[in-house]
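One structure below.
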Amino acid sequence: MDFPAIDLPPGSVAVVLGTRPEIVKLAHIISGLGDRVQVIHTGQHYDYALSAAFFDAFGIPEPSAFLGVGGKTRAGQIASALGALDERFASEAPKVVVVQGDTNTTLAGALAANAYEIPLVHVEAGLRSRDRRMPEEHNRVLTDAVADLLCAPTDVAVGNLVGEGVPETLIELTGNTVIEAVGGLMPEPGKRSALLDEYGLESGKFVLSTIHRPENVDDPDRYETILEQLAALDLPVVLPLHPRSKKRAESFGLGDLLSRLRVIEPLGYVEFLALSAESGFLVSDSGGVQEEVSVYKRPVIVVRRSTERPEVLGTFARLVEPDAITETAASWLSDLEGVHAQLATLESPYGDGSASARIVEAIGRRFAGA
Ligand code: UD1
Ligand code: UDP
């Protein structure tokens with residue numbers, strides 16, 4: 001990808017991140033900023049499989065700081081990250097702060113930038129589920145409220161922001177950086193088929209699932225229904241289990257149901273993309289997966305009460321309650337190849353793979369010399 005030359009000093013752009021999806025979606029921006037960047041990792045995700053594995057996969061440099069907020073409560077994570085950023089910014093304030101998405105890390109980075117009057121860039125601005133039961137909805141609304149450059153991935157996101165009265169001069173329609181993340185690391189078909197052999201899977205003949213949202217895994221009945229429905233599918237189900245979901249399954253005594261699925265550790269990005277692209281379909285409550293399917297053209301059953309990604313509903317994604325997973329799967333399984341062929345004709349609504357370059361250019365244009 002070609003990145004524009006921008007006139008900002010080394011280390012002057014602080015990228016604050018802390019979780020798996022933030023690393024995925026900020027990786028190309030970090031590369032594009034080169035030595036102008038300092039990466040500050042809050043430590044919200046700390047296991048190798050959810051954090052360092054992604055730095056390695058994208059070949060981005062190690063963070064210059066870890067703030068160690070992992071495993072705390074939501075307020076605890078925000079407070080600790082904000083406190084640590086306060087100390088850092090008090091001794092040397094960056095010229096720009098970049099955050100992504102809707103996590104506790106995102107909000108902490110946004111509040112720290114706001115407190116020091118440092119221009120704040122919000123990558124993936126303007127998403128709205130209108131579901132106030134989700135911490136992520138509050139995190140993204142609050143972050144957008146204090147951002148100085150809102151990088152909206154789609155027209156829907158721009159419309160949400162304009163509808164809320166955000167000045168249009170602060171908004172740029174950039175596309176979503178997930179497109180270049182997938183494009184950069186999706187392995188070739190030959191490598192994908194070697195991986196399938198390793199896992200004893202056949203292309204198109206298995207389901208890949210990820211479940212980690214509190215609305216699903218913190219509610220024992222809902223979690224149990226999801227696992228029962230997955231276990232009832234006619235295809236093998238591969239479930240790379242998020243640590244939150246693993247802990248909850250243990251405490252709710254759902255081990256028997258898990259044993260009916262192919263439960264594995266969280267996958268590295270390259271492996272996850274390979275299995276996703278070769279799966280028959282996915283069942284997930286992930287935000288990023290809802291976008292990624294539109295690149296490798298597989299359908300996903302989204303097990304959620306609401307979504308902030310309406311762009312793929314009715315095409316790549318179906319939003320369902322847990323007890324409707326098997327029924328939705330059945331409607332696809334009667335002609336899965338036909339479903340794949342139909343999706344292959346559709347463009348991704350998330351852009352053309354240049355979002356990161358647009359965002360780096362916009363940072364330079366707006367904040368160089370600030
Ligand atoms: C967080 C984000 C969510 C995002 C998800 C990506 C918020 C509110 N939630 O949810 O939006 O979709 O990351 O995966 O910011 N844990 C480990 N090892 C780790 C990280 C977490 O064992 O490396 C365990 C800890 O017990 C922790 C629990 O998982 O308490 C939940 O982690 P946390 O970062 O609080 O939330 P996620 O569910 O990961
Ligand atoms: N992912 C991965 N390995 C896995 C599960 C997910 O690499 O075992 C990737 C996935 O492709 C996507 C990101 O992790 O890019 C999404 O993370 P998650 O679902 O945890 O967060 P969300 O997107 O819901 O905030």
Side-chain angles (χ1 to χ4, degrees), residues 17-27 41-54 56-58 66 68-78 80-81 99-109 124 127 129 133-140 142-143 176-182 184-186 208-218 238-251 263-277 279 282-293 295-296 298 300 302-304 307-309 350:
L17 49 69
T19 69
R20 169 167 74 181
E22 292 162 74
I23 305 167
V24 168
K25 290 176 175 175
L26 288 166
H41 194 313
T42 63
Q44 183 173 344
H45 283 179
Y46 47 89
D47 288 345
Y48 175 81
L50 269 72
S51 176
F54 288 78
D56 293 348
F58 283 103
F66 280 97
V69 312
K72 297 187 194 248
T73 59
R74 174 161 184 254
Q77 288 179 345
I78 297 167
S80 302
V99 296
Q100 191 281 337
D102 53 23
T103 69
N104 298 334
T105 291
T106 313
L107 179 57
E124 205 175 84
L127 275 63
S129 66
R133 295 168 293 191
M134 294 185 66
E136 289 83 358
E137 182 70 359
H138 298 285
N139 290 342
R140 60 173 83 95
L142 291 166
T143 302
N176 195 307
T177 59
V178 79
I179 303 289
E180 47 268 30
V182 176
L185 288 184
M186 176 67 80
L208 184 63
S209 181
T210 76
I211 299 291
H212 75 282
R213 296 272 158 203
E215 73 182 68
N216 289 328
V217 301
D218 290 6
V238 180
L239 180 67
L241 206 55
H242 188 287
R244 174 185 209 105
S245 317
K246 188 174 180 184
K247 286 176 189 166
R248 294 293 185 271
E250 279 160 10
S251 62
V263 178
I264 56 176
E265 291 298 309
L267 287 165
Y269 197 50
V270 173
E271 293 77 15
F272 187 78
L273 288 179
L275 291 191
S276 303
S279 69
L282 295 96
V283 179
S284 181
D285 58 11
S286 164
V289 168
Q290 289 175 65
E291 298 154 348
E292 289 170 349
V293 290
V295 182
Y296 50 74
R298 285 291 176 269
V300 60
V302 178
V303 190
R304 293 262 305 266
T307 180
E308 58 291 319
R309 291 167 169 90
Y350 294 110

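Since this is a predicted model, take the numbers as computed values, not measurements. First listed ligand is number 1; within each ligand, the first listed atom is number 1.
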Closest to atom 15 (O) of ligand 2 (judged by heavy-atom distance), picking from Glu292, Arg309, Glu136: Glu292

Ligand 2 to Leu267, heavy atom cutoff 4.0 Å, flagged ligand atoms 2 (C), 3 (N), 4 (C), 7 (O), 8 (O)

Work out which heavy atom in Leu50 is nearest to a heavy atom in Ile23; give both atom names and the distance. O-CD1, 4.1 Å

Give me the atom names and distance for the closest heavy-atom approach of His212 to Ser245. CA-OG, 3.4 Å

Arg244 versus Asp218, closest heavy-atom pair with distance: NH2-OD2, 3.0 Å

Does the pair Lys246/Glu265 count as a salt bridge with the N-to-O cut at 4.0 Å? yes

Taking 4.0 angstrom as the limit and counting only heavy atoms of Pro240, give me the atoms of ligand 2 inside it, by number and element. 8 (O)

Could you check atom 30 (O) of ligand 1 against the protein and tell me its nearest heavy-atom contact, residue, atom and distance included? Gly71 CA, 3.8 Å

May I ask whether Pro21 has any heavy atom positioned less than 4.0 angstrom from an atom of ligand 1? yes

All heavy atoms of Ala49 vs all of Phe54, minimum pair found to be O-CE1, 3.1 Å

For atom 25 (O) of ligand 2, what is the closest protein heavy atom, and at what distance to 0.1 Å? Pro21 CG, 3.4 Å

Per-atom filter on ligand 2: closer than 4.0 angstrom to a heavy atom of Phe54 are 2 (C), 7 (O)

Hey, which atoms in ligand 1 end up nearer than 4.0 Å to a heavy atom of Arg213? 11 (O), 12 (O)

Option with minimal heavy-atom separation from atom 20 (O) of ligand 2, where the choices are Glu265, Lys25, Arg20: Arg20

Relative to the heavy atoms of Gly287, which atoms of ligand 2 are at a distance of less than 4.0 Å? 22 (P), 23 (O), 24 (O)

Under-4.0 Å heavy-atom contact with ligand 2, by part of Tyr269 that carries it: both

Below 4.0 angstrom from a heavy atom of Asp47, which ligand 1 atoms are there? Numbered from 1 as shown, please. 17 (C), 18 (N), 19 (C), 22 (O), 23 (O)

Which atoms from ligand 2 have a heavy atom of Pro266 less than 4.0 Å away? 8 (O)

So among Thr103, Asn104, Thr42, which one has a side-chain hydrogen bond (donor to acceptor under 3.5 Å, both in side chains) with Gln77? Asn104

Short list, please: which atoms of ligand 2 are under 4.0 Å from a heavy atom of Arg213? 22 (P), 24 (O), 25 (O)

Is there a polar contact, in the sense of an N or O pair closer than 3.5 Å, between Lys247 and ligand 1? yes

Which residue owns the protein heavy atom closest to atom 23 (O) of ligand 2, what's the atom, and how far is it? Gly288 N, 2.7 Å

Judging by distance only, is a nitrogen or oxygen of Tyr46 under 3.5 angstrom from one on ligand 1? yes

Would you say the side chains of Glu137 and Ser129 form a donor-acceptor pair under 3.5 Å? yes

Using 4.0 Å as the upper bound for N to carboxylate O, is an ion pair formed by Lys25 and Glu124? yes

Of all heavy-atom pairs linking Thr143 and Leu107, the shortest is OG1-CA, 3.7 Å

Do the ring centers of Tyr269 and Phe58 come within less than 6.0 Å of each other? yes

Testing the 3.5 Å rule here: is there a donor-acceptor pair between the side chains of Ser279 and Ser276? no

If you count the atoms of ligand 2 from 1 in the order shown, which ones are under 4.0 Å from a heavy atom of Ser286? 16 (C), 18 (P), 19 (O), 22 (P), 23 (O), 24 (O)

Looking only at protein heavy atoms, what sits closest to atom 4 (C) of ligand 1 is His212 NE2, 3.8 Å

Glu271 touching ligand 2 at heavy-atom level, < 4.0 angstrom: no

Numbered atoms and elements of ligand 1 in range of Asn104, under 4.0 angstrom, heavy atoms: 7 (C), 8 (C), 15 (O)

My understanding is that only residues two or more places apart in sequence, or in another chain, count here; which of them pass salt bridge (charged side-chain N to carboxylate O under 4.0 Å, His left out) with Arg20? none

Tell me whether Lys246 reaches ligand 1 (any heavy atom closer than 4.0 angstrom to a ligand atom). no

Check the side chains of Asn216 and Arg248 for a donor-acceptor pair under 3.5 angstrom, ignoring hydrogens and angles. no

Which pair of non-hydrogen atoms, one from Ile211 and one from Ser209, has the smallest distance, and what is that distance? CG1-OG, 3.9 Å

Parallel, tilted or perpendicular: which describes the rings of His242 and His45, with under 30° parallel and over 60° perpendicular? perpendicular

Closest by any non-hydrogen atom to atom 39 (O) of ligand 1: pick that one out of Arg244, Lys72, Gln77, His45. His45

Name the closest protein heavy atom to atom 1 (C) of ligand 1, giving the residue it belongs to and the distance to 0.1 Å. Gln44 NE2, 3.7 Å

Counting from 1 in the order shown, the ligand 1 atoms closer than 4.0 Å to a non-hydrogen atom of His242 are 14 (O), 37 (P), 38 (O), 39 (O)

protein heavy-atom neighbour closest to atom 3 (C) of ligand 1 works out as Glu136 OE2, 3.2 Å

